[in-house]
Undergrad: 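I'd like to ask some things about the structure below.
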There are 2 protein chains.
Amino acid sequence: MCRSNRLFDLLQTLRDGHLHTAQTLAEATGVSVRTLYRDMETLVASGVPVIGTRGTGYRLPPTVTLPPLTLTPAELEALNLGLAIASEVADPDLKSAALSLTDKLDAVLPETAVAEADAWKFTKNPFANTARGFAQMPTLRAAIKARQKLRITYTSKDGAVTSRTIRPLHMEYMSRVWTLTAWCEWRSAHRAFRLDLINTAEALPELFTDEAGKTLADYRP
Amino acid sequence: MCRSNRLFDLLQTLRDGHLHTAQTLAEATGVSVRTLYRDMETLVASGVPVIGTRGTGYRLPPTVTLPPLTLTPAELEALNLGLAIASEVADPDLKSAALSLTDKLDAVLPETAVAEADAWKFTKNPFANTARGFAQMPTLRAAIKARQKLRITYTSKDGAVTSRTIRPLHMEYMSRVWTLTAWCEWRSAHRAFRLDLINTAEALPELFTDEAGKTLADYRP
DNA sequence: ACCCAACTGACAGGTTTATGTCAGTATCAT
DNA sequence: ATGATACTGACATAAACCTGTCAGTTGGGT
């Protein structure tokens with residue numbers, strides 16, 4: 001399995017929020033412990049907020065990852081104004097959140113040169129072909145909303161191309177990769193599909209409803 | 001020069017907004033024309049909005065680009081609150097900017113299939129409602145943490161206002177709407193409450209513990 | 001004090017990736 | 001129509017990267 005797929009798998013595993021030791025993760029991904037430490041280094045360098053504690057293991061705190069956004073200057077202004085107001089709010093938790101977010105934006109905004117330079121750090125790591133698969137996004141999003149089944153062709157990890165009918169449930173930008181969570185009717189199980197590995201996606205006329213065991217809430221990664 | 005540095009240089013060159021031919025850029029970066037085309041492919045795949053026109057050259061339109069950001073749930077809260085307020089308070093220009101930015105965020109944040117047409121109906125004026133729901137957030141969040149029962153008054157879909165005691169379990173942003181999942185002691189069932197429809201929320205001195213059938217894990221929407 | 005597990009550095013060999021060359025197609029402006 | 005220039009594919013070679021092994025250090029929890 002190539003490295004980027006392994007990193008993706010690591011993220012999927014860590015997403016449960018539980019504790020994982022390097023030993024465990026290394027065995028799960030079929031790789032030496034040394035390499036796993038290097039992978040963790042790569043994840044951290046890519047901005048994934050994974051936390052390693054000596055003597056305990058790795059844990060991934062719950063976070064939301066925003067993809068790169070392009071803003072107009074006016075939108076930027078609105079953003080800053082809104083955060084400025086939010087940081088005046090009485091609630092200390094919310095206030096400090098607003099302040100830390102303002103810091104993050106400040107760190108990212110004023111000097112675009114720096115931001116771009118950082119952006120390339122992880123492009124050097126071949127982790128994300130984030131933009132591939134964008135073409136399918138409107139189709140997928142519409143199908144999720146309309147609760148419409150999809151027929152997709154997908155390149156799996158071993159390189160095999162498969163065709164399957166799925167019930168799209170949830171689409172998310174998860175740590176540098178767009179992911180579609182769905183119920184796969186072929187495998188009769190939940191699956192997380194990487195958008196950049198979806199070759200074609202066709203909305204079927206067939207609709208679906210929530211069935212016990214097949215909803216998003218039933219998904220346990 | 002390594003590839004990532006070269007890509008960075010290309011961006012710096014393109015930043016002037018002028019027209020550049022592949023030939024020129026290739027010479028400037030000391031690389032073959034074929035490789036330059038590959039570099040452009042990489043840039044586009046990384047989300048850079050560079051535009052190539054056959055017969056003319058490459059041009060980069062001026063935009064402000066945010067790199068991928070990792071937000072904590074609290075920061076996401078602050079962001080939404082800030083924009084909700086900004087879109088109510090500010091002048092028309094800023095207001096429409098705040099609205100369009102909110103749209104962009106909506107397009108990008110995790111979406112769940114649970115979003116019904118109902119959720120869209122009320123979004124005629126979504127931001128006032130969003131901001132309204134935020135007022136309760138500190139109370140709700142604190143109650144979830146402290147495992148403290150709540151007494152809320154709630155406007156249900158048919159417009160009826162009810163008052164009930166609930167065990168708050170989980171709060172999350174579900175496709176434009178903040179939702180509080182709880183065990184409702186009045187209905188003796190799990191319920192998902194929209195924050196913007198909670199009129200009042202009062203923490204009761206009474207605590208609760210996990211009971212079979214009443215935990216978050218037992219919830220099946 | 002002890003164990004556990006996260007970390008770090010070095011190095012050799014294997015694998016992947018990047019690059020240039022060549023040949024050809026597509027599309028815009030004039 | 002023509003010229004200019006963006007694009008695409010194939011393929012061999014060179015460069016960069018990834019990996020396992022080994023040997024060691026650091027810090028947290030008990």
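In what follows, every heavy atom counts, from backbone to side chain, and hydrogens, waters and symmetry copies are set aside. Proteins come first, then strands; the chains are lettered A, B, ... in the order of their sequence lines, and each starts at number 1. Predicted model only: the values in this text are computed from it and were never measured.
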Undergrad: B:Leu19 CG to C:dA29 C1': how many Å, rounded?
TA: 12 Å
Undergrad: Specify the separation, in whole Å, of atom CG of B:Leu7 and atom C1' of D:dA16.
TA: 15 Å
Undergrad: What nucleotide among D:dC7, C:dT21, D:dG20 has an atom nearest to a side-chain atom of A:Arg34?
TA: D:dG20
Undergrad: Which nucleotide, D:dC7, D:dG20, C:dT21, lies nearest any side-chain atom of B:Tyr37?
TA: D:dC7
Undergrad: Could you pull out the closest heavy-atom pair between B:Ala143 and B:Pro168, with the gap in Å?
TA: CB-CG, 4.0 Å
Undergrad: Can you see which heavy atom on A:Phe208 is nearest to which on A:Gln148, and at what distance?
TA: CE2-N, 3.5 Å
Undergrad: So, OP1 or OP2 of C:dT17: does either fall under 4.0 Å of a side-chain N or O from B:Arg38?
TA: no
Undergrad: Is it true that A:Glu185 and A:Arg164 make a salt bridge, defined as a side-chain N closer than 4.0 Å to a carboxylate O?
TA: no
Undergrad: Taking 4.0 angstrom as the limit, do A:Arg151 and A:Glu202 come out as a salt bridge?
TA: no
Undergrad: What integer distance in Å separates A:Leu43:CG from C:dA6:P?
TA: 14 Å
Undergrad: With the side chain of A:Thr21 defined as its heavy atoms from C-beta on, choose the nearest nucleotide among C:dG20, C:dA6, D:dA6.
TA: C:dA6
Undergrad: B:Val33 near the nucleic acid: base, sugar-phosphate alone, or nothing, with a heavy-atom cut-off under 4.0 Å?
TA: nothing
Undergrad: Report the C-alpha separation of A:Thr215 and A:Asp218 in whole Å, then their side-chain angles, then the decisive distance to 0.1 Å, and conclude whether the side chain to side chain donor-acceptor pair (under 3.5 Å) test is met.
TA: CA-CA 5 Å; A:Thr215 71; A:Asp218 297 312; 2.8 Å; yes
Undergrad: Please report the distance, rounded to the nearest Å, between CD in A:Glu41 and P in D:dC17.
TA: 14 Å
Undergrad: Can you tell me how far C1' of C:dG20 sits from CD of B:Gln23, to the nearest Å?
TA: 14 Å
Undergrad: Compare the minimum distances between each of C:dT21, D:dG20, D:dT8 and the side chain of A:Thr35, then state the nucleotide with the smallest one.
TA: D:dG20
Undergrad: Determine whether a donor-acceptor pair (one donor, one acceptor, N or O, separation below 3.5 Å) exists between the side chain of B:Arg54 and the base of D:dG3.
TA: no
Undergrad: When the axes are fitted on five pairs at both termini, how much does the helix from C:dA1-D:dT30 to C:dT30-D:dA1 curve, in 10° steps?
TA: 80°
Undergrad: Which whole-number value in Å describes the distance from B:Met40 CE to D:dT8 P?
TA: 13 Å
Undergrad: Which heavy-atom pair separates B:Leu180 from B:Ile144 by the least distance, and what is that distance?
TA: CD1-CD1, 3.8 Å
Undergrad: Rounded off to whole Å, could you give me the CD-to-P distance for the A:Glu27 and D:dG20 pair?
TA: 13 Å
Undergrad: CG of B:Leu14 versus C1' of D:dA6: gap in Å, rounded?
TA: 14 Å
Undergrad: Determine the minimum heavy-atom distance between A:Val50 and A:Tyr58, stating which atoms define it.
TA: CG2-CD2, 4.1 Å
